[in-house]
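Please read all numbers here as calculations on a predicted model, not as lab measurements. A note on names: the letters A, B, ... follow the listed sequences, proteins ahead of strands, and every chain is numbered from 1.
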Amino acid sequence: MRMSQLVGNRYKEQPVEATLPSHAFLLRGGYVRQVANGIYSLLPPAMRVARKIEGILRSEMNRLGGQEVLMPVVLPRELWEESGRYQTVGLELARFTDRTGHAMLLGMTHEESAVALARNEISSYSQLPLMIYQIQTKFRDEPRSRGGLIRVREFTMKDAYSFHASIEDLHRFYRQCCMAYKRIFFRVGLPQIEMVESDTGIMGGLKAHEFTLLTDVGEDTIAVCDTCSYRANMEVATGRVEAFPEDALPLEKVHTPGKKTIEEVAEFLRVPPRKTAKVVFYDSDHAGRLVVALIRGDLDVNDSKVATLIQKWPVPADEARIVSAGAVPGYASPMGLDRDKINVLVDETIAQSGNLVCGANEPDYHCVNFNLARDLPGIETCDIRRVPDGAACALCSGTLNLRRGIEVGNTFQLGVKYTASMGMTFTDAQGKSHHPVMGSYGIGVGRLISSIIEAHHDQYGPKWPMSVAPWQVHINALKLDNPDVREHAERLYQRLAVANIEVLYDDRNASPGVQFADADLLGIPVRLIVSQRNIAAGQIEYKRRSTGETGVVPLEDTVGSVINWIGQELESLNADMGI
RNA sequence: CGGGGCGUAGCGCAGCCCGGUUAGCGCGCUUGGUUUGGGACCAAGAAGUCGCCGGUUCAAAUCCGGCCGCCCCGACCA
């Protein structure tokens, strides 16, 4: 490729809207252009990176036995009604009607489509297991996109769907798929990506993992054990919290005038916040009952965990709602409330503490010496707390640290949620009918591009790993109006092209500073510099983008050296070496 | 959806408060010349419905009203 013809300008001004390095470089390097909020065009350099990533995705999916398909972006409403998600998924599902008035939607994930495809083709256990995958455009009408390609509304995703005759076979395949994901991330230059336990969210199903690049600019919060391999998204992370058992003292009502918050009550009664019990009200659970969550005063409720328990997203209850259930805001307690009309969620930490302070359900009064087993008998406890930074790991003696991360991929053990609701069956060896067990597996291509830049850049631009670099070699020729320089540069360009090397040739007669700055923004791993002084010495100068190493090689050895460098760098990204 | 900010040439901005000639500046672009190892210099150019609609006024980028779009933080979100 000749740079004089390359579509897309580079510029040196820092774009005001870009706060992340990857976002700024994508704009400054001429990789992407925004078309609307969360909607981008990819220019040739980004398109080439995307194609390389897609090639790696294909090879690893094919290695798993996956078969590539292409399902539609535009889907009929009926398909999503079959699974029930037409109702349960919110505004991020873009809906519209076609000219005949038929309700349509833009696919944001393709479990329904995959089942609809497979149920007509699969009827026997002998056809299982099976995985289909596609690399395709998704649209999700996100409430807020951000960070360049990190969170967008339209994006390219590799999504895969597997079907199994048994849960055991799903588990076996799931492990293989996770290994394939590790190989993928290794091959694109991100071996540090972590496998993280996660919420199943709108996918539903049994179990899910995310694959996350830990970085301060990430938007997810991950609990990371400093000792063992436990990693979990905040949504589901659990940890050990110190228990404070005490022998129960008699329950006693105390006057606490005007003291409503945990801080006020704790200070007034001269106890630490951990000796109090906090009540949080949510408007309703799936059955319409008021939700009363009880947690130790020094801890916070984790809404995601509550959502899983009450089967809907928790919305804080307003004061009228709380009062109508017989509770007194600021002095509330589950004690004395009609347990048939409310859903009480009690965090384990309440059972592990004795003699707590809690509300008396009477204005200006609290109770001291609340003990769960005695004062609210017959309640099963659960985990509804946000893991605090520095909590003890539940699996080992280590400490959990909260880190930020970018989720670049995810995997779900779906079970029979979709195959049962959509009526997909197969016949086993005994002639009996079953629903296949399903898994689904996603990786966002654009998010991976941004993540690679976040992990591999300096102040001047990206440093692409060889496996995903838009080109392998960048030729800079200085003083191109000199016939000797031009002739050497053109010849070098031809020789490299003949050797099947991907070359970007800066054939503009631009000043060295401009050429080098542009080369840094394009981040190509090998840079070759043709100049009069190098020609006179019979040599070519090179610079490796990733290491900054510079040197010279004799002119006649150039192609051979380049082939060696490319080979070395690709070999270091070969997953067979690393995993 | 809540809070904050911004919309003037491809990009980054000034001008607006206090209405008044041909709406400026830097980068980029075009032409010519001089240059050339980390974003050169000189000269001459091209490029703008000042986000949109309406109002006030002799006169609106500037004042008023409405709308739209974009960014950041939060909420939300595989």
Side-chain angles (χ1 to χ4, degrees), chain A residues 7-20 23-24 27-30 33-40 85 89-93 108-111 138 140-148 150-153 155 157 159 196-205 207-212 219-221 233-236 303-304 307 313-316 405-414 440-444 447 459-461 476-482 485 506 508-521 527 529-535 541 543 548 550 552:
Chain A
V7 174
N9 298 315
R10 287 151 304 283
Y11 51 90
K12 58 183 166 191
E13 289 89 0
Q14 169 73 21
V16 277
E17 70 269 27
T19 53
L20 307 186
H23 189 187
L27 292 169
R28 289 185 52 206
R33 294 291 179 247
Q34 186 175 10
V35 174
N37 178 351
I39 298 177
Y40 287 83
R85 286 207 289 190
V89 174
L91 292 171
E92 59 268 36
L93 178 64
M108 54 187 287
T109 176
H110 280 66
E111 281 74 15
K138 299 281 184 275
R140 297 180 185 182
D141 198 356
E142 297 281 354
R144 186 180 160 215
S145 48
R146 63 178 284 268
I150 287 182
R151 181 164 211 84
V152 289
R153 297 196 294 167
F155 57 99
M157 179 169 165
D159 47 323
V196 170
E197 292 180 23
S198 70
D199 198 26
T200 53
I202 63 163
M203 289 311 162
K207 198 171 183 181
H209 291 89
E210 296 171 351
F211 290 77
T212 300
E219 53 181 1
D220 290 339
T221 304
N233 191 300
M234 199 58 184
E235 298 160 350
V236 298
D303 285 351
S304 299
W313 189 259
V315 177
I406 302 171
E407 175 197 350
V408 295
N410 49 29
T411 54
F412 297 89
Q413 296 178 13
L414 297 172
S440 77
Y441 318 89
I443 289 181
R447 213 178 253 193
Q459 61 175 306
Y460 304 110
N476 284 133
L478 309 183
K479 299 181 202 169
L480 259 180
D481 51 352
N482 176 310
V485 171
D506 193 343
R508 306 168 302 169
N509 185 26
S511 73
V514 170
Q515 288 202 23
F516 293 151
D518 279 353
D520 289 339
L521 281 170
R527 183 181 310 175
I529 300 166
V530 179
S531 71
Q532 275 178 307
R533 86 182 179 208
N534 287 328
I535 292 167
E541 190 178 331
K543 180 171 183 179
T550 59
V552 293

**Asked** Rounded to the nearest Å, what distance is computed from the CD atom of residue A/Gln532 to the P atom of nucleotide B/U35?
**Response** 13 Å

**Asked** To the side chain of A/Arg527, which of B/C27, B/G38, B/C76 is closest?
**Response** B/G38

**Message:** I'd like to know if A/Ser511 reaches the base of B/G39 with its side chain such that a donor and an acceptor end up less than 3.5 angstrom apart.
**Reply:** no

**Fill in**
Closest of B/G39, B/G37, B/C70 to the A/Arg533 side chain is B/G37

**Asked** Within the distance-only criterion (no hydrogens, no angle test), does the side chain of A/Arg28 pair as donor or acceptor with the backbone N or O of A/Gln14 below 3.5 angstrom?
**Response** no

**Message:** Checking the side chain of A/Arg533 only, and the main-chain atoms of A/Ser531 only, is there a donor and an acceptor separated by less than 3.5 Å?
**Reply:** no

**Asked** Could you give the CD-to-P distance, from A/Glu219 to B/A75, as a whole number of Å?
**Response** 12 Å

**Message:** Is the shortest side-chain heavy-atom distance between A/Glu17 and A/Leu27 below 4.5 Å?
**Reply:** yes

**Complete:** The Watson-Crick or G-U wobble partner of B/U57, with both key distances under 3.5 Å, is none

**Nucleotide forming a Watson-Crick or wobble pair with B/U30, both distances under 3.5 Å** = B/A44

**Item:** B/C58 and B/U21, which share atom name C1', separated by this distance in whole Å
**Value:** 16 Å

**Prompt:** Heavy atoms under 4.0 Å, any strand shown: does A/Leu521 hit a base, just sugar-phosphate, or nothing?
**Reply:** base

**Asked** Roughly, in whole Å, what's the span from NZ in A/Lys479 to P in B/U35?
**Response** 11 Å

**Watson-Crick or G-U wobble partner of B/C25, both distances under 3.5 Å** = B/G12

**Item:** hbond_proxy A/Glu541 side chain to B/G37 base (donor-acceptor, 3.5 Å cutoff)
**Value:** yes

**Request:** Once you apply the 3.5 Å cut-off to both distances, tell me the Watson-Crick or G-U wobble partner of B/C50, or none.
**Result:** none

**Item:** Value in whole Å for how far the P atom of B/G38 lies from CD1 of A/Ile529
**Value:** 10 Å

**Message:** Within the structure provided, determine whether A/Phe516 and A/Leu478 are in side-chain contact (heavy-atom separation under 4.5 Å).
**Reply:** yes

**Asked** Strictly by modelled atom types, are A/Asn410 and A/Glu210 linked by a side-chain donor-acceptor pair under 3.5 Å?
**Response** no

**Message:** Restricting to non-hydrogen atoms, name the atom on A/Val152 and the atom on A/Glu142 that form the minimum distance, rounded to 0.1 Å.
**Reply:** O-CG, 3.7 Å

**Message:** In this structure, how many angstroms lie between the C1' atom of B/G33 and the CG atom of A/Asn509, rounded?
**Reply:** 14 Å

**Asked** Ignoring hydrogens and angles, does a donor from either the side chain of A/Lys12 or the base of B/G12 sit under 3.5 Å from an acceptor on the other?
**Response** no

**Asked** For A/Gly513 and A/Glu210, take the nucleotide of RNA chain B holding the closest heavy atom to each; which residue's nucleotide lies nearer the 5' end?
**Response** A/Gly513

**Prompt:** Between A/Leu478 and A/Pro314, which is nearer to the 5' end of RNA chain B once each is assigned its nearest nucleotide?
**Reply:** A/Leu478

**Complete:** dist A/Tyr441:OH -> A/Asp159:CG (nearest 0.5 Å) comes out at 12.5 Å

**Pairwise P distance for B/C50 and B/G4, with rounding to whole Å** = 29 Å

**Asked** How far does the P atom of B/A47 sit from the matching atom of B/U30, given to the nearest Å?
**Response** 15 Å

**Asked** Who is the Watson-Crick or G-U wobble partner of B/G19, with both distances under 3.5 Å?
**Response** none

**Item:** Nearest-angstrom distance, C1' atom, B/A46 to B/C29
**Value:** 8 Å

**Complete:** Between CZ of A/Arg144 and C1' of B/C71 the distance, given in whole Å, is 9 Å

**Asked** When only distance counts, do a donor and an acceptor, one from the side chain of A/Asn534 and one from the base of B/G37, lie under 3.5 Å apart?
**Response** yes

**Prompt:** Can you tell which of B/G39, B/C70, B/G12 lies closest to the side chain of A/Glu13?
**Reply:** B/G12

**Prompt:** Is the OH atom of A/Tyr11 crowded by more than 12 outside heavy atoms at less than 6.0 Å?
**Reply:** yes

**Request:** Quick one: label A/Asp481 by what it contacts on the DNA or RNA (base, sugar-phosphate, nothing), any heavy atom closer than 4.0 Å.
**Result:** base

**Prompt:** Nearest-Å distance, CD (A/Glu17) to C1' (B/C70)?
**Reply:** 9 Å

**Message:** Any base atoms under 4.0 Å from A/Ser198, or only sugar-phosphate, or nothing? Heavy atoms, all strands.
**Reply:** nothing

**Message:** Between B/A14 and B/G2, how far apart are the two P atoms, rounded to whole Å?
**Reply:** 28 Å

**Request:** Would you mind classifying the nucleic acid contact of A/Lys138 as base, sugar-phosphate or nothing, using non-hydrogen atoms under 4.0 angstrom?
**Result:** nothing

**Request:** Just name whichever nucleotide pairs with B/U36, Watson-Crick or G-U, keeping both distances under 3.5 Å, else none.
**Result:** none

**Asked** To the side chain of A/Trp313, which of B/G37, B/C76, B/C11 is closest?
**Response** B/C76

**Item:** Integer angstrom distance from the P of B/C41 to that of B/C1
**Value:** 49 Å

**Asked** Considering only the C1' atoms, how many Å lie between B/A75 and B/U8, rounded to the nearest integer?
**Response** 34 Å

**Message:** Mind checking if A/Arg10 touches a base, just sugar-phosphate, or nothing, with heavy atoms under 4.0 Å?
**Reply:** nothing

**Request:** Return the value, rounded to whole Å, for the distance between atom CG of A/Asn37 and atom C1' of B/C71.
**Result:** 9 Å

**Prompt:** For the side chain of A/Asp520 and the base of B/G38, is some donor closer than 3.5 Å to an acceptor across the two?
**Reply:** yes

**Prompt:** NA contact type, A/Asp518, heavy-atom cut-off 4.0 Å: base, sugar-phosphate, or nothing?
**Reply:** base

**Request:** Sticking with atom C1', work out how far B/G38 lies from B/G19, rounded to a whole angstrom.
**Result:** 48 Å

